Amino acid sequence: MRPVLTQLPKGARIYLPDEVARKRHVEACLFDVFRRWGYREIVTPTFEFFDVLAVATDQAMQGNAFTFVDRETGRMLVLRADITPQIARIVATRLRDEPKPLRLSYVTNVFRYDEPQLAHYREFYQAGVELIGLDKPEAEVEILAMTVESLRALGLGRFQLDVGHPDFFRGLMEEVKTDAAHERELRTALARKDRSTLERLVDEVAPPAHVGDALLALPTLFGHAEVLERAAPFARNKRAERALGNLAEVYRLLTIYGLADAVLLDLGGVRGFDYYSGMYFEAYVAEFGAAIAAGGRYDHMVGRFGYDCPAVGFAFDIARALSVMETQGVDVALPGPDFFIIDFTPEKTAALSLARRLRDLGRSVARDIVTRGLDESLAYARAQRVRRALVVGGPRVPAGEVLVIDVATGRERSARIDAMLEHPERLDA
Amino acid sequence: MSERLTLALPKGRLLDGALGLLRDIGVDGIDADSRRLIFTDPARGLRLLFLKPADVPAYVTYGAADLGIVGKDILLEQEPDVYEPLDLGFGFCRLVVAEPRELWQRDDPAKWSWVRVATKYARMTERYFSERGIQVEIVRLDGSIELAPLVGLAERIVDLVQTGETLRANGLVEVAEIARSTARLIVNRASMKTEYSAVTQLIDDLGKRTQPPAPRTGHPRIEPASRRPLQ
């Protein structure tokens, strides 16, 4: 038996027309927010030399990339696994002399060998921004505020931004002598708020007493403004102090923006750690176990391409946003064509000229080319979610007239074709 | 409590301990013997789901339950992306490699280069042996693992032991320990933020009722023993 060629590789995802309509809706909502904040779109190549990714990402990301060989040079190529290093390189080269800050936005597909779960696939779509050239906390607050606005634009409720700063933990670790394996285990335990494993690790690593206390307290340094006070006694070196100071300033500004309630401070959150140099955040929505957006400050990334320049940014995972919208019952209108013309006359001139006039007005018009009865044509129009059917000729419609049928209600009226060609907008009425 | 939280409970060996703990925080009158899979406790605003233990992480990861109680063995096997804030202390057991006594008498684990192992815990077994450079062929079973060596399905098994009685009864001997396990509280990542006050309150209450963990050194707690040498 011949194999049936229907199988998709793991993690590949098809979007059928209704799904695409929803996806486009999400992209349009997000892009509208980005535009209103003054961001301009940038497009990067789908594939690059692997070295570019390698310069600015950790080994985990590199190991997860789709790679292949360039036929001409024999060098390793990679499918875009992360757009931020690409943009960082573009900023360091082509946009270096542009006045700063740069406000760039994108919507793009990204490829990673992740285990597909929670609406995440190996090819997935992100929409996001980069704000480049600002080292002030206002930059962090701008992307946090934009994230909240984006969540609202998508119609989502019950969301929370989880805000942390990697230098609080890094500052603590400066006072600990340990190996890479233990540090990795510590991070994993912290990322899971796994207190019992943390206790064992602190036992094994045997840090100075005040650092041990701080490490054990990290999973509980999580909540609203009071977290900053609770954390203060643990910030005993410059790095941790600066991190806490930065978070306090961000939080103060968020309060002015009226956004403090949307934010939870989480000093024990250490995910995406190698990436960020400063404040970072994840956006969570009730009843969905993964972040649907994430971002933060990565001041060193542009510098790795030879041009020191601070930067912040965030991205939404579009498939996850769609999945959460479905869970929360957010309705996305999925209209079909505005008009569907059914012309029973042999010459079809009325159909063609009406269609052209309506399309000139910007309306969407499909025509029934299949020969079938009126009832069948209308059934098809209903299935396509057509708003109005225009019937010309056939047993029910006198010559020179058009029957306008509201497909949803079945309400009908007649009109003169020549009058409608003169004033096609009246077909909308 | 205005928010209603959903807590996933594992049927089977951890259920009594879990229900005991819930009684301590005022969730009472649950009839675990009834065949109902959902139970609501109005006083605490908790909805309880009774699940197969291995299904608890999926319910919590995907947010069908905000929290769950599950053995560390299952967490190590499935590695779900959840918070794991409490070691609840009960349900202690160990995941071990075992083999028939006759084999054990002439066997030298240091010489293993290839083994065939029957287990429910495919991922942990794979990881344990591959970290030691040993090729492993896994025969994935869903129960009565001890039977496999007796009928020649696999020479060795990896399974949970509590007292070791089942191993002894089937003429098997423990050769190595892979991990130790107790019951854990796990929390959905979003629930921890969006139901912040209700979830942290519940964690605090459960934490206070959990027996103080055994002394940290030299006592069976629930650490992955994966870096320990064989034997």
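Quantities reported herein were computed from a predicted structural model and do not represent experimental measurements. Residue numbers begin at 1 in each chain, while the letters A, B, ... track the order of the sequences.
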| said: Under 4.5 Å from any heavy atom of chain B, what part of A:Glu282 do you find: side chain, backbone, both or neither? | reply: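 It is neither, since no heavy atom gets under 4.5 Å.
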| request: With a 4.5 angstrom heavy-atom cut-off, could you sort out which part of A:Leu118 is near chain B: side chain, backbone, both or neither? | output: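 Looking at A:Leu118, backbone and side chain both touch chain B.
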| task | Go through the atoms of B:Ser191 and report whether side chain, backbone, both or neither lie under 4.5 Å from a heavy atom of chain A. | result |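 It is neither, since no heavy atom gets under 4.5 Å.
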| Do you know which of A:His224, A:Gln160, A:Arg195 has the most heavy-atom pairs with chain B at a distance under 4.5 angstrom? |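 Maximum pair count with chain B is reached by A:Gln160.
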| message | At a heavy-atom distance under 4.5 Å, which candidate from A:Ala283, A:Gly289, A:Gly223 has the highest pair count against chain B? | response |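 Max contact count across the listed options: A:Gly289.
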| field | Under the side chain to side chain donor-acceptor pair (under 3.5 Å) test, residues paired with B:Glu165 that sit two or more places apart | value |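 By the side chain to side chain donor-acceptor pair (under 3.5 Å) rule, B:Glu165 matches B:Arg168.
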| task | Quick one: list whatever passes side chain to side chain donor-acceptor pair (under 3.5 Å) with B:Glu137, sequence neighbours left out. | result |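 Only B:Arg116 meet the side chain to side chain donor-acceptor pair (under 3.5 Å) criterion with B:Glu137.
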| query | Does the separation of the ring centres of A:Phe222 and B:Tyr196 fall below 6.0 angstrom? | reply |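 Between B:Tyr196 and A:Phe222, which both carry aromatic rings, the centre distance is below 6.0 Å.
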| message | Nearest 0.5 Å, please: how far is CD in B:Gln201 from CD in B:Glu195? | response |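 Separation between the atoms: 13.5 Å.
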| task | Answer yes or no on whether B:Arg189 is positioned over the face of B:Tyr83, meaning its NZ or CZ is under 6.0 Å from the six-membered ring centre and within 45° of the axis. | result |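 Pair B:Arg189/B:Tyr83 counts as cation-pi.
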